Amino acid sequence: MTASAASAASAAADSPVGLGGLGAPAPDAFLSVRDLQVHFPTDDGVVKSVDGLSFDLARGRTLGIVGESGSGKSVTSMAIMGLHRPDTVRMNGSIDLGGTELVGAAPELVRSLRGKRMAMIFQDPLSAMHPFYTVGAQIIEAYQVHNDVPKKVARAHAIDMLGRVGIPQPAKRVDDYPHQFSGGMRQRAMIAMALSCDPDLLIADEPTTALDVTVQAQILDLIRDLQRDFNAAVIVITHDLGVVAELADDILVMYAGRSVEYSSADEIFRRPQHPYTWGLLGSMPRLDREPTDRLMPIKGTPPSLIQVPKGCPFNPRCNYRELVGEACTTQRPPFRSVGDFHHLACHLESADRQKVWATEIEPTL
Amino acid sequence: MNTDALLSVSGLTKHFPIRKGLLQRQVGAVQAVDDVTFEVARGETLSIVGESGCGKTTTGRMITRLIEPTAGSIIFDGRDITHVSVSEMRPLRRDIQMIFQDPYNSLNPRHTVGTIVGAPYRIQGIETEHGIKRAVQDTLELVGLNPEHYNRYPHEFSGGQRQRIGIARSLALKPKLIVADEPVSALDVSIQAQVINLLEDLQDELGLTYVVIAHDLSVVRHMSDRVAVMYLGNLVEIADRMSLYTTPRHPYTKALLSAVPIPDTSRRQNRERIRLEGDVPSPIDPPPGCRFNTRCWKATDICRTQVPVLTVFAPGHQAACHHPEEPTVATPATPAAAVTQAAETSAEGDA
């Protein structure tokens with residue numbers, strides 16, 4: 001048994017490493033994830049795609065999950081949606097959706113929730129839609145699964161939804177096939193499909209990555225407007241810090257399947273505390289700053305999820321390991337609260353963190 | 001013509017024919033690139049930006065002569081290469097190389113790194129002083145890879161390392177011009193920064209000239225000396241990077257810049273965003289007049305009938321628009337924090 005699994009099991013003593021002061025779910029939380037682990041046993045070893053993840057999300061709020069490829073962002077969203085094959089995945093921890101526990105729930109139960117209470121927008125709308133059926137037929141099908149209405153009513157609803165997401169001439173375009181839509185319109189149709197049953201939770205996995213920047217701006221505006229209308233809880237998964245800054249109220253930064261920093265969006269952009277978050281911000285050329293001569297990349301590459309480095313998974317790439325000493329390479333840093341709604345998994349002393357941030361990081365961003 | 005120009009492109013046009021029916025008669029054409037003119041000076045970086053379908057990749061492939069232009073001319077290093085044959089082009093490929101977007105598809109999975117990076121020497125029949133292996137290993141070292149990787153296969157490397165292999169291959173013959181088509185867009189943000197720094201170091205070290213094709217406006221501003229903006233096959237604006245980003249003259253450039261998400265929540269509220277309606281029209285049947293008129297908030301009758309020509313607004317700053325933006329007083333985004341010596345500060349921290 002791994003160290004994290006052991007600590008997850010012995011919740012009695014200390015709180016598990018992934019909890020970070022997130023004990024009981026916040027009273028207004030609609031979705032509450034606690035110490036989630038999603039592991040995939042393979043011939044080469046266990047791939048620990050998600051290994052200790054906790055967050056809360058209330059209705060009407062947006063959580064941005066940020067990380068690089070392989071950090072476990074998409075695996076998390078698929079776990080919430082119950083889309084992993086039960087025979088290939090090992091899930092532990094808890095996902096509480098409005099009082100229903102999803103980890104270990106029967107597939108029939110998850111299926112009845114999917115679409116109605118939680119829905120998802122995928123990155124690539126062309127491969128997420130069936131090329132053989134019209135856009136309308138796909139929305140109608142999704143609506144009729146959860147609503148016992150005649151096809152005529154469902155069709156009227158589909159047209160209404162397409163109109164709400166800004167498809168011109170929805171009564172006509174409802175009979176188009178996905179390939180007749182442009183990329184931006186397909187993403188709008190995907191959003192219409194996801195929202196057709198008025199879900200409480202909407203997960204958008206890289207919703208604008210495949211789109212051009214002017215179309216991306218349209219879709220971001222649309223998601224923001226629709227959230228206000230539908231009052232859903234929204235999770236936006238992306239690698240683009242610009243996109244989360246546009247949409248998110250709260251931000252969770254993931255690295256190697258673990259939450260490394262979690263706070264309000266304002267706090268993450270104004271006073272980030274984790275060296276990985278600093279590295280992400282330093283790696284990006286930014287239009288809102290004077291041009292710099294050099295970017296400051298994070299050295300090295302993300303780790304293999306089969307052999308995650310001992311201790312802090314970020315330690316081989318971290319510039320501040322010397323300030324701590326041995327702990328970084330031997331002990332997994334607990335995900336702890338370091339301020340008013342600011343959670344962090346880092347061994348750096350608070351004083352060192354503040355000093356490094358003020359002297360080395362902030363002036364260069 | 002600028003005598004200092006390494007590459008000079010004028011009136012470059014590519015129309016892909018659309019054929020239909022039994023006789024494969026031409027029924028139309030995709031007007032991918034239409035009348036594009038620009039120059040690239042020695043040692044500079046010119047970026048071509050635009051949204052998908054604007055013709056930036058087609059332009060790059062015509063420069064490297066991977067596709068045949070329909071019209072116009074390409075002058076490279078004083079020589080007209082617009083219609084040279086494949087065999088005539090071969091010796092020129094020493095001087096013009098390309099870096100591709102996808103580091104997974106652009107490397108043959110059955111070849112070792114040594115074979116991939118050594119291929120240019122073998123194809124060009126170049127003798128190297130200490131043999132090809134040594135030359136390849138030197139190149140690998142130059143791009144930050146371990147020379148011992150010589151016998152490994154592409155699948156053993158991460159995306160960023162593969163992109164370095166692609167860069168090593170393009171550098172092997174010490175080219176003068178490198179056309180990089182979206183060199184970092186397939187990479188994670190932390191790796192992207194490493195590769196951007198590498199490309200900049202190599203340019204300083206080897207005196208390379210870059211044509212970078214990209215869609216990420218933040219990356220483009222960081223890397224370029226000058227920037228060309230394309231829309232639906234046309235060049236709509238070209239300028240040095242400071243003028244383009246601070247005083248864009250074409251409404252499309254302005255809209256593009258305002259659409260870039262800024263990683264700063266405090267700017268969410270008070271940002272002026274130009275929301276372009278609709279999608280890019282089809283290049284098979286582009287709108288008459290200015291091709292941007294269907295989405296432009298300033299469009300009038302003249303825009304729908306007359307094609308705007310590139311007009312000089314300031315030295316080196318050209319735009320094609322009937323109703324150009326007035327230059328606003330340039331306001332830097334933040335108080336200039338001219339911090340460049342990051343290495344120094346981190347060295348202090350270690351001490």
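A, B, ... follow the sequence lines: proteins, then strands. Residue 1 opens every chain. Quantities reported herein were computed from a predicted structural model and do not represent experimental measurements. Side-chain atoms are counted along with the backbone in the values below, which use heavy atoms only and exclude waters and symmetry mates.
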Please indicate whether Lys172(A) has more than 12 foreign heavy atoms, meaning atoms of other residues, nucleotides or ligands, lying under 6.0 Å from its NZ.
-> no
Which heavy atom in Ala245(A) sits nearest to a heavy atom in Ile262(B), and how many Å separate them?
-> CB-O, 3.3 Å
Residue Asp204(B) excluded, over 12 heavy atoms near CG under 6.0 Å | yes
Identify which of Gly282(A), Gly183(A), Gly300(A) forms the greatest number of heavy-atom pairs closer than 4.5 Å to chain B.
-> Gly300(A)
Could you look at Ser158(B) and say if it's the side chain, the backbone, both or neither that has a heavy atom under 4.5 Å from chain A?
-> side chain
Separation of Asp266(A) CG from Asp264(B) CG (nearest 0.5 Å) | 9.0 Å
Do the side chains of Glu51(B) and Leu211(A) get nearer than 4.5 Å, heavy atoms only?
-> no
Given a strict heavy-atom distance threshold of 4.5 Å, which part of Asp216(B) is in contact with chain A: side chain, backbone, both, or neither?
-> neither
Shortest non-hydrogen pair, Arg295(B) vs Gln218(A), comes out as NH2-NE2, 4.2 Å
What part of Glu200(B) is in contact with chain A, defined as an atom under 4.5 angstrom from a non-hydrogen atom: side chain, backbone, both or neither?
-> side chain
Option passing side chain to side chain donor-acceptor pair (under 3.5 Å) with Asp188(B) (candidates Ser71(A), Ser69(A), Ser283(A)) = Ser69(A)
Between atom CE of Met284(A) and atom CD of Gln192(B), what is the distance when rounded to the nearest 0.5 Å?
-> 8.5 Å
So, are Arg273(B) and Glu246(A) salt-bridged, with charged N and O less than 4.0 Å apart?
-> yes
Mind checking whether Pro297(A) and Asn197(B) have side chains closer than 4.5 Å, heavy atoms only?
-> yes
Under a 4.5 Å cut-off applied to non-hydrogen side-chain atoms, are His222(B) and Leu295(A) in contact?
-> yes
Checking Ile196(B) against chain A: side chain, backbone, both or neither under 4.5 Å from a heavy atom?
-> side chain
Is it the backbone or the side chain of Pro302(A) that comes under 4.5 Å from a heavy atom of chain B, or both, or neither?
-> side chain
Measure the shortest side-chain to side-chain distance between Met242(B) and Pro291(A) over non-hydrogen atoms and say whether it is less than 4.5 angstrom.
-> yes
Any side-chain donor paired with an acceptor under 3.5 Å for Arg275(B) and Thr214(A)?
-> no
What is the minimum heavy-atom distance between Glu68(A) and Ile191(B), and which atoms define it?
-> OE2-N, 4.4 Å
Below 4.5 Å from any heavy atom of chain B, which atoms of Arg317(A) appear? Answer side chain, backbone, both or neither.
-> side chain
With chain A, which of Leu276(B), Val280(B), Val220(B) has the greatest number of heavy-atom pairs at distances under 4.5 Å?
-> Leu276(B)
Structural part of Gln216(A) lying under 4.5 Å from a heavy atom of chain B | side chain
Is the closest side-chain heavy-atom distance between Val213(A) and His215(B) below 4.5 Å?
-> no
Can you find a heavy atom in the side chain of Pro263(B) that is under 4.5 Å from one in the side chain of Val243(A)?
-> no
What distance separates Asp249(A) CG from Thr265(B) OG1, expressed to the nearest 0.5 Å?
-> 10.5 Å
Residue Glu156(B) excluded, over 12 heavy atoms near CD under 6.0 Å | yes
Heavy-atom distances under 4.5 Å only: say whether Val215(A) touches chain B with side chain, backbone, both or neither.
-> both
